[in-house]
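Worksheet for the structure shown next.
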There are 2 protein chains.
Amino acid sequence: MKLTEGVEWAVHCCVVLSQAEGPVSTTRLAEFHGVSRTYLAKHLQQLSRAGLVRSTPGRDGGYELTRPAAEVTLLEIVQAVDGAESAFRCTEIRQRGPLAASKEVCRKACGVAQAMAAAERAWRTSLAGVTVADLAAGVTADVGPATFDRLRGWLADA
Amino acid sequence: MKLTEGVEWAVHCCVVLSQAEGPVSTTRLAEFHGVSRTYLAKHLQQLSRAGLVRSTPGRDGGYELTRPAAEVTLLEIVQAVDGAESAFRCTEIRQRGPLAASKEVCRKACGVAQAMAAAERAWRTSLAGVTVADLAAGVTADVGPATFDRLRGWLADA
DNA sequence: GTAACGTGGATAAGTTCTATCCGCGATACT
DNA sequence: AGTATCGCGGATAGAACTTATCCACGTTAC
Ligand code: SF4
Ligand code: SF4
């Protein structure tokens, strides 16, 4: 069970975007986080395709959130970057071997698949309960409101 | 987010072991499920190391559950095979870039890590609520009690 | 016209997953 | 004793995925 590293990058980007006043470019976001510019671009494009951010092409372009930060959930970010497929994928091994179950019986999901799906639902529900606004508030609580002021100042610099 | 295929194999093996009367060998388990014998052995060894199954070496040896099926949870099997590491691993990117946070501040987990950890706890709690006995009962309910009778018969065959 | 920007495709390197093989010690039957 | 069957661990390929880079293209502001 592993999430890709891009998830972390994307979450940080969304928090930064929630504090920015205008569009922020890939270059700037990568510079700010100290990560690969070209690779981060791929993940931002995934956020864009998922409709979480809006992109402005051309000079002075960049990304901005399409919705208020309080309406963007952690779950959406995770699924945009890491995909929405379930962690457990049935390979139907019950249809193999000498005592294989018939295809008729395998019409519906077995108990194992159901239990796994229920666990993943619990995971998603938990992630869906956290918004970018919550995360930003957490940062303010942890390191004080001056942090985002410095961030906005840095973003305003040419 | 993906679980390894070995998880599914291991779960099936545990259910089979819960219905068997004596030790069942790797060869027999692999034969029954129609999967690679040598690779399945690796996963059974993981279950053994985790203490979920006991192994008897030598001829007529094999594996059997160390505990009643009602006391073996799905979570234990998943963690034995797939590891207990959390899906989200912090790479501390907040300590990078021009406005890097100080190490002092990063002593404790940030809001993102906490939210991810909470979601994974929910996932684990859900998995911990399902036992091998539950899964076996599910099979009986789905395909009838005759299935396990045939299984025991097949296992008894030389 | 030029420089900065997002987009998508192609590509390479690194890592993990899947699978196989071998030698070792243990056990049971002959 | 000898042999066949078994679990255990290490070494080792091959496949699949993740991470990262690069380039050609259309768009926008100065
Ligand atoms: S019985 Fe369940 S775990 Fe096994 S192959 Fe079918 S869906 Fe997957
Ligand atoms: S701020 Fe949170 S998500 Fe970012 S590096 Fe630190 S722990 Fe990870």
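Just so it is clear, the structure is predicted and the values come from calculations on it, not from any experiment.
- No side-chain donor from either of A/Thr91 and B/Glu5 sits under 3.5 Å from a side-chain acceptor of the other.
- Atom pair A/Arg54:CZ and D/dT27:C1' shows a separation of 17 Å (rounding to whole Å applied).
- Between B/Thr26 and D/dC6 there is no side-chain polar atom (N or O) within less than 4.0 angstrom of OP1 or OP2.
- At whole-Å resolution of the value, CG in A/Asp82 and C1' in D/dC17 are 12 Å apart.
- Among the heavy atoms of the strands lying under 4.0 Å from A/Arg49 are primed sugar atoms or P, OP1, OP2 only; no base atom is included.
- When every heavy atom of A/Tyr63 is checked against every heavy atom of A/Ser48, the shortest pair comes out as CE2-CB, 4.2 Å.
- Residue contacts shown for A/Ser55 are limited to sugar-phosphate atoms, with no base heavy atom under 4.0 Å away.
- In this structure, A/Ala118 and B/Ser126 approach most closely via the heavy-atom pair C-OG, 3.8 Å.
- For B/Thr131 and B/Glu71, the side-chain atoms include no donor-acceptor pair closer than 3.5 Å.
- Boundaries of the chain A contact region on DNA chain C are C/dA4 to C/dA10, first to last in 5' to 3' order (nucleotide atom under 4.0 Å from a heavy atom).
- Nearest to the side chain of A/Pro57, among D/dC30, D/dC8, D/dT28, sits D/dT28.
- Ion pairing between A/Glu85 and A/Arg89 holds under the 4.0 Å rule for side-chain N and carboxylate O.
- Heavy-atom nearest nucleotides on DNA chain D were determined for A/Arg59 and for B/Gly61, and the one closer to the 5' end corresponds to B/Gly61.
- Across the protein-nucleic acid pair, A/Arg37 atom CZ and D/dC22 atom P stand 9 Å apart, rounded to whole Å.
- Annotation: of the two residues near DNA chain D, A/Lys42 and B/Lys2, the 5′-most nearest-nucleotide partner is B/Lys2.
- The nearest whole Å value for the distance from the CG atom in B/Leu40 to the C1' atom in D/dG7 is 13 Å.
- A/Glu31 places a side-chain heavy atom less than 4.5 Å from the side chain of A/Trp154.
- Residue contacts shown for A/Thr4 are limited to sugar-phosphate atoms, with no base heavy atom under 4.0 Å away.
- B/Leu44 places its CG atom 15 Å from the C1' atom of D/dG9, with the value rounded to the nearest Å.
- A/His43 has its NE2 atom 11 Å from the P atom of D/dT21, to the nearest Å.
- The CD atom of B/Gln45 sits 14 Å away from the C1' atom of D/dA11 (whole-angstrom rounding).
- Closest of all the heavy-atom pairs between B/Arg94 and B/Cys110 is NH1-CB, 3.2 Å.
- Each of A/Val24 and B/Tyr39 was matched to the nucleotide of DNA chain C holding its nearest heavy atom; the match closer to the 5' end belongs to A/Val24.
- Following rounding to the nearest Å, B/Gln46 (CD) and D/dG7 (P) show an atom-to-atom distance of 15 Å.
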